[in-house]
Protein chains: 2
Amino acid sequence: MRNRWLDAIVYVRNRQSMETTPQRISAAESEVMKVLWADSPKAAEDVLAILATNQGWAEGTVKTLLNRLLKKGAIAADKDGRRFLYRPLIGREDYVDAESQGLLDRLFDGRLAPLVSHFSKREKLNPEDVAELRRLLEKIDDDQ
Amino acid sequence: MRNRWLDAIVYVRNRQSMETTPQRISAAESEVMKVLWADSPKAAEDVLAILATNQGWAEGTVKTLLNRLLKKGAIAADKDGRRFLYRPLIGREDYVDAESQGLLDRLFDGRLAPLVSHFSKREKLNPEDVAELRRLLEKIDDDQ
DNA sequence: ACATTTCGTTTACATGCGTAATCGTTGGCT
DNA sequence: AGCCAACGATTACGCATGTAAACGAAATGT
C-alpha cells in the first residue's frame, strides 16, 4: 500500500511531466504563502521584508522558498519590469481546509466533535470560547 | 529568532547531553506510537504484526522506527528475557493536545471557534455534527 | 562604456525521514 | 560443541527541508 503521501495536505500536479507528483507545502513554505495570502501580488523584496522581520530569515532563504513554491506550482510569478510579482495559485481556504481535515483524520476519526471534546476535557475552553461556539451553532441553525 | 522548532509538537530532552534538543515525532513514528498507545507493553514482533498489516511495513522499517523513538525518549524498552517490551513514555493525550494546539496556533489564531466556523463555511458540518456539538456544549455548561 | 547594484538562478550542505537490508550476538536445538 | 534462528543494532540511501551563499545577467548610475 503506497501510503507515503497519506499525510500530503495540499498538493499540485507537476505539469511538465504528466506524472502525478503530489508535493506538500512545508512549514517554512507556508509562511511565505501566508504573506502572499495576506496581500498579493508582491515582489520578492516585499516578501523578504516581512519574513526577515517576523521570521528572521535571510534573503537567500526567502528566495529559495519562493522558488520551491514556484516549482511546486503553489504560486505564480508575473514579470513586472525587471522583477517578478508573486501571487498564490492555491487558495488559503483550500490549504486551511486540507490541513484541518488532515489533522481531524489522523487524530479524531475525521470528525470535529471529538476535537472539541478533547479541548473541553483538557480545560482548554474558556467561557468565551464556549459562548462563541454557541453563537456559531445558532447561526448555523438559523441558516437552514 | 530561533524558530526552527516553532512547530515542534511533542519533544523530549536528550538526557546524555544537558542540551535541550527538541525532537518531533514524525508521521511514521506516530503510527508506531498509536499501536503502543492502543495496548502496551508490546514486543517488537507484535508491533510489527500490526504495522505490517495496516501500513504494509517491513520488519526493518518498524525496528528503525522503534529505535528512533527510543533515541527520542518517546518510548521505553524493558528487557523481558531475550527480547524487549516497548511502552510509550509520552501520553497520547499530550501528543494529541500538542498537535491540535499547533494546528490551531498556525491556522486559527490559537482558537477553536474559528476552526469550527471554517468547517461550517465549507459545509463540512452535517446536522449530526451540529447536534453533537450542541450536546457537548450543553454538557460543558452543566459541568460548571 | 564601465562599475555597481539588483534580481533571479544555481549550488551547497547538514539533518530528518521513509524505507529497508545487513551485521552481530546470544540463546536454543541437535 | 557447533549451527541456526531470533532479535536488537548498525549501516544505507535517496528525497525533503531549513537555511543559506555564490553566480550570472540585466539595469542603473557616473
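Since the model is a prediction, treat every value here as computed from it, not as a measurement. These values consider heavy atoms only, across backbone and side chains, with no hydrogens, waters or symmetry-generated copies. Naming convention: chains lettered A, B, ... in sequence-line order (proteins, then strands); numbering from 1 in each chain.
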Examine [N]: is either OP1 or OP2 under 4.0 Å from a nitrogen or oxygen in the side chain of [X]? Give yes or no.
| X | N | answer |
| --- | --- | --- |
| B:Trp57 | C:dT19 | yes |
| A:Lys63 | D:dG18 | no |
| A:Lys72 | D:dT17 | yes |
| A:Thr64 | D:dT17 | no |
| B:Thr61 | C:dA20 | yes |

Look at the side chain of B:Arg68 against the base of C:dT19 and say whether a donor-acceptor pair falls under 3.5 Å; ignore hydrogens and angles.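 Looking at the base of C:dT19, it does pair with a donor or acceptor on the side chain of B:Arg68 (distance under 3.5 Å).
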Base of C:dG28 paired with side chain of B:Arg82 (donor-acceptor, under 3.5 Å):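 It does not, because no donor-acceptor pair links the side chain of B:Arg82 to the base of C:dG28 below 3.5 Å.
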Using a 3.5 Å distance criterion without hydrogens, assess whether the side chain of B:Glu29 forms a donor-acceptor pair with backbone atoms of B:Ser26.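 Checking the backbone N and O of B:Ser26 against the side chain of B:Glu29, a donor-acceptor pair under 3.5 Å is found.
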Check whether any side-chain N or O of B:Asp129 sits under 3.5 Å from a backbone N or O of B:Asn126 as a donor-acceptor pair, and report yes or no.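 Yes, B:Asp129 side chain to B:Asn126 backbone: donor-acceptor pair under 3.5 Å.
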Return the value, rounded to whole Å, for the distance between atom [atom1] of [X] and atom [atom2] of [N].
| X | N | atom1 | atom2 | answer |
| --- | --- | --- | --- | --- |
| B:Leu69 | C:dT19 | CG | C1' | 15 Å |
| A:Arg24 | C:dG16 | CZ | C1' | 14 Å |
| A:Lys71 | C:dG8 | NZ | P | 15 Å |
| B:Asp80 | D:dG8 | CG | C1' | 14 Å |
| A:Leu66 | D:dA20 | CG | C1' | 14 Å |
| A:Asn67 | D:dT19 | CG | C1' | 14 Å |
| A:Glu29 | D:dG18 | CD | P | 6 Å |
| A:Lys79 | D:dA27 | NZ | P | 9 Å |

Toward the 5' end of DNA chain C, which comes first, A:Gly60 or A:Arg83, by nearest nucleotide?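 By nearest-heavy-atom nucleotide position, the 5'-most residue is A:Arg83.
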Scan B:Ala43 against the nucleic acid and name what it touches under 4.0 Å (heavy atoms): base, sugar-phosphate only, or nothing.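 B:Ala43: no heavy atom of the nucleic acid under 4.0 Å.
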Closest approach of B:Ser100 to A:Leu103 (non-hydrogen atoms, all atoms of both residues):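 The pair with the smallest heavy-atom distance is CA-CD2, 4.0 Å.
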Side-chain contact, heavy-atom cut-off 4.5 Å: A:Tyr86 with A:Leu69?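 No, their side chains stay 4.5 Å or more apart.
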Where the side chain of A:Ala58 is concerned, which of D:dA20, D:dT19, C:dG18 is the nearest nucleotide?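 For the A:Ala58 side chain, the nearest candidate turns out to be D:dA20.
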No-hydrogen, no-angle side-chain donor-acceptor test under 3.5 Å, A:Gln101 and A:Asp105: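 Yes.
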